[in-house]
Visitor: 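Before anything else, here's the structure in question.
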Amino acid sequence: MTTLFEVSRLSKEFGGLKVSRDISLSMAEGERLALIGPNGAGKTTFVNLVTGRLRPDAGQVRLAGEDVTALGAVQRVRRGLVRTFQVTRLFPDMTPEEHVIMTVLQRHGKATRILARFHGDSAASDEAAEILATLGLTEVARRKVATIAYGQQRLLEIAIALAQRPKVLLLDEPAAGVPSADTPRIEEALARLPASLAVLMIEHDMDLVFRFAKRVVVLAAGELIFEGPPADVARDPLVREAYLGSYAHAGSQA
Amino acid sequence: MANATLQSAAAPRLRPLGRDLIGLALIALAGLSGYWLFPDNLAFLTRVISVALLVLSLDLVVGYCGIASLGQAALYGAGAYAAGIACINGITDPILLILIGAVAGAVTGLFTGAVMLRAHGLPQLVLSIALVQLLHEAANKASWLTGGSDGLSGMAPAPLFGVFEFDLWGRSAYLFGLCLLLVVFAVLSLIVRSPFGMVCRGLKEDPLRISALGIYAFPVLLKMFVISGAVAGTGGALAAIATQVVGLDSVSFELSANALVMLVLGGIGHLYGALIGTVIFMALEHTVAAINPFHWMTLVGAVLIAIVLFAPRGLSGTLDQIAALLTRRGGRAGR
Ligand SMILES: Nc1ncnc2c1ncn2[C@@H]1O[C@H](COP(=O)(O)OP(=O)(O)OP(=O)(O)O)[C@@H](O)[C@H]1O
Ligand SMILES: [Mg+2]
């Protein structure tokens, strides 16, 4: 398959702390990749660099053959490079429906129209309703986000990402903070992501990683130290060493 | 069953429009009762309307976009001076003068927005103060154009529609102002619920989230500054037409700060909060200052402290809470 997304030699320092060191990575269309690593390894920073929220000190990001390193975050999103957040970033006073409609309107180039009613665009409303239904959020679609369960808020993050029709989706710990009873619903949502979409998922739960990804990369202290099938991760001596102490728990689970 | 949930889910969508109409009717009613109850104070009431337009315009920026400003009178003063200067130079049709004020305010909004949006937080606030001070100084220095510290006078606006004269009693000016306010309020009610208005609300909450949706913040906020400028400029032009003088106080830091106080008093992020805040502040000022001109600010200070402590969302926010409680209770009783 052709390479859809390619990161080469990405580096970033925060005042002397090397948070990303020469990270190179590529993904094919439809690929499911998991990115794991101990706390503070630089996973979120990697997503921030790739999506244009942070400027890298060195390195390149290419999407569908185009070098997007010089582009801002908005331009990258519009080209199909979409992320979710480790801690939900939603508007507490808006409803899930409003979040998704706003996203759909953006894709249609109508998000900032002044002479229109927000709820008056039936194409956008229908599409939003469909996406929310896929994720089982219909019941709470018209309640303020502040009043819905955290698990549902995480699902909404995924709904918004889907509404953006991405080519590459970066999921930053989609199940973080969700009570374990609700994780199956998130996993189900992840399993139903469009097949052609390239997905990189950051996740600590190795069971989830095993079921989701065919390939795993491990980041430790800003460096990629492993790349291969999930089954080999736990056996890798470098990975064991990286996790020792800081994340021995995951090692034993895997 | 499915039908029932659909209907109850659809209900909240119809409500805003109905609420808008009720709101407009209430404003019209309050305005007309002011007309009948205080026929000798129409000049003051007209000033309340023109300042209400200023406070509404500030709410768009502060309440809907989360941008703090202590220089909003720059936009108001621009409208007032533009209308005043145009009037002296022979453009006397009041509607045209209002349009001139609105355009002048919008253009000033474009520039202040372009400058202020370069910064965030406290520096942004300081920029807003600097801008209004700059304009104040410019108006002071350009006395050949603005009348300087003596103010601009000698305007003679033509009768509205060629019929209603802007006379000593101020009836035409007041009713004209009330109509303007109703039109502006109706338009703004639609704007804040447009896709654009929703994005502004989002930007106030979390600009990063909006950019992660693929929406540029800058043009949206700049547009809001232009709209805000048009509204403030309308208010300024109304004041110019009604009083037939334009003073330096219309581009002052003091007026800007008072507008912010009125907005906080009424509750930011609600259009009607801006109106409530203006009416209460100016009524207090008017009555208390008449009794004791030295202590009225003390009273306003005390009222403000009480509001911030006991009703941090302003009077309108508190009214909202009460309304929510009542409707919830009503809804429960209905079931
Ligand atoms: N904006 C920043 N400025 C300075 N240091 C930062 C910044 N962002 C992250 N860091 C530091 O960079 C390191 C990597 O942080 P990052 O959030 O990328 O880790 P992570 O792998 O996502 O961790 P976690 O599993 O806890 O989410 C941490 O030591 C963090 O303190
Ligand atoms: Mg992280």
Side-chain angles (χ1 to χ4, degrees), chain A residues 47-48 51-53 72-85 88-95 97-121 124-125 129 138-143 145 157 160-161 163-166 170, chain B residues 1-2 5-17 20 60 63-66 187-224 226-228 230 269-270 313 317 320 324 328:
Chain A
V47 172
N48 287 340
T51 54
R53 186 178 164 200
V74 169
Q75 282 302 330
R76 296 190 201 192
V77 169
R78 290 183 177 182
R79 281 166 172 71
L81 186 51
V82 168
R83 71 171 299 178
T84 64
F85 293 91
T88 46
R89 298 187 81 117
L90 300 167
F91 307 115
D93 285 341
M94 291 187 200
T95 65
E97 182 187 47
E98 286 167 340
H99 282 81
V100 180
I101 289 179
M102 187 187 285
T103 312
V104 173
L105 286 174
Q106 190 284 318
R107 229 186 54 233
H108 295 172
K110 297 176 178 174
T112 61
R113 288 201 172 175
I114 297 177
L115 302 175
R117 280 196 315 122
F118 183 81
H119 287 286
D121 190 315
S125 296
T138 307
E139 294 270 295
V140 296
R142 290 182 187 174
R143 279 174 44 188
V145 162
E157 282 267 355
I160 293 169
Q164 292 181 279
R165 296 257 177 97
L170 310 167
Chain B
M1 181 64 215
T5 43
L6 261 181
Q7 271 168 11
S8 66
R13 262 194 209 171
L14 298 174
R15 226 182 274 148
L17 253 181
D20 278 357
L60 295 179
Y64 286 90
C65 298
V187 171
L188 294 187
S189 301
L190 293 178
I191 288 180
V192 298
R193 272 203 301 281
S194 67
F196 164 80
M198 288 297 265
V199 169
C200 288
R201 274 175 56 188
L203 282 170
K204 178 186 176 184
E205 207 79 57
D206 186 354
L208 196 92
R209 205 345 154 188
I210 291 291
S211 77
L213 292 182
I215 301 170
Y216 282 112
F218 181 77
V220 170
L221 295 175
L222 196 59
K223 262 189 232 170
M224 196 53 129
V226 171
I227 296 170
S228 168
H270 298 81
R313 298 201 295 161
D320 264 8
R328 205 174 304 152

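Heavy atoms only: backbone and side chains are in, while hydrogens, waters and symmetry mates are out. Proteins get letters first, then strands, A, B, ... in listed order; numbering begins at 1 in each.
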Visitor: Heavy-atom distance under 4.5 Å to chain B: side chain of A:Arg89, backbone, both or neither?
Guide: both
Visitor: Go through the atoms of A:Val74 and report whether side chain, backbone, both or neither lie under 4.5 Å from a heavy atom of chain B.
Guide: both
Visitor: When heavy-atom pairs shorter than 4.5 Å are enumerated against chain B, which of A:Ile114, A:Leu115, A:Thr51, A:Leu90 gives the highest number?
Guide: A:Ile114
Visitor: Answer yes or no: is there an ion pair linking B:Arg193 with B:Asp20, defined by an N-O contact shorter than 4.0 Å?
Guide: yes
Visitor: Does B:Tyr64 use its side chain to pair, donor to acceptor, with the backbone of B:Arg201 at less than 3.5 Å?
Guide: no
Visitor: Heavy-atom pairs under 4.5 Å with chain B are the metric here; pick the option from A:Arg143, A:Arg83, A:Met102 that has the most.
Guide: A:Met102
Visitor: Apply the test salt bridge (Lys or Arg N to Asp or Glu O under 4.0 Å) to residues A:Glu157 and B:Arg209: give CA-CA distance (whole Å), side-chain angles for both, the deciding distance (0.1 Å), then the verdict.
Guide: CA-CA 11 Å; A:Glu157 282 267 355; B:Arg209 205 345 154 188; 2.9 Å; yes
Visitor: State whether A:Lys110 and A:Asp121 are salt-bridged, where the test is any N-O pair (Lys NZ or Arg NE/NH1/NH2 against Asp/Glu carboxylate O) under 4.0 Å.
Guide: yes
Visitor: For B:Lys204, is it the side chain, the backbone, both or neither that has a heavy atom under 4.5 Å from a heavy atom of chain A?
Guide: neither
Visitor: Work out which heavy atom in A:Thr112 is nearest to a heavy atom in B:Lys223; give both atom names and the distance.
Guide: O-NZ, 3.5 Å
Visitor: Checking heavy atoms, do the side chain of A:Arg76, its backbone, both or neither come under 4.5 Å from chain B?
Guide: neither
Visitor: Give the member of B:Ile191, B:Val220, B:Ile215 that has the highest number of heavy-atom pairs under 4.5 Å with chain A.
Guide: B:Ile215
Visitor: Which heavy atom of A:Pro166 sits nearest a heavy atom of A:Ala161, and at what distance?
Guide: CD-O, 3.2 Å
Visitor: When only pairs under 4.5 Å are counted, which of B:Ile227, B:Val199, B:Leu190 shares the most heavy-atom pairs with chain A?
Guide: B:Val199
